[in-house]
Amino acid sequence: MTLRFRRSIRLGKFFRLNVGKTGPSLSAGVRGLHAGIGRRGPYMSAGLPGSGLSAQVHAGRGRKQAPAASGLLGLFVMVLVAGTVLLIALARLFR
């Protein structure tokens, strides 16, 4: 069993300071799509709000992934980002 700890502090409308058991990180974005920098370097996170589905990709340092695994993860993140952007656009259109 893994013990997790995370606390977020909002710094304005789009910025957030995240503090976890492994250290702090700073992120910016809208609900469902974030980019930030933390202990393991820059990252991008995309998800479908309310669904529990999300993905996070780290750039720079870290372990190397097999080409097939990283390709599938990239495709998954692209689909999530496109879906999130589409949902946000539709929500603003029908306000």
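Model, not experiment: these values are computed from the prediction. Note that the numbering runs from 1 along the sequence shown for the chain.
Within the structure, ring-ring contact (aromatic ring centres under 6.0 Å, His included) contacts touching residues 27-54 (residues at least two apart or in different chains) are Y43-H58.
Between G50 and R31, the shortest heavy-atom contact is N-NH2, 4.0 Å.
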For residues 8-19, which side-chain N or O atoms pair as donor and acceptor with protein atoms under 3.5 Å away, sequence neighbours left out?
{"from": "S8", "atom 1": "OG", "to": "R6", "atom 2": "NH1", "distance (Å)": "2.9"}
{"from": "S8", "atom 1": "OG", "to": "N18", "atom 2": "OD1", "distance (Å)": "2.9"}
{"from": "R10", "atom 1": "NH2", "to": "K13", "atom 2": "O", "distance (Å)": "2.8"}
{"from": "N18", "atom 1": "ND2", "to": "S25", "atom 2": "OG", "distance (Å)": "3.4"}
{"from": "N18", "atom 1": "ND2", "to": "S27", "atom 2": "OG", "distance (Å)": "3.2"}

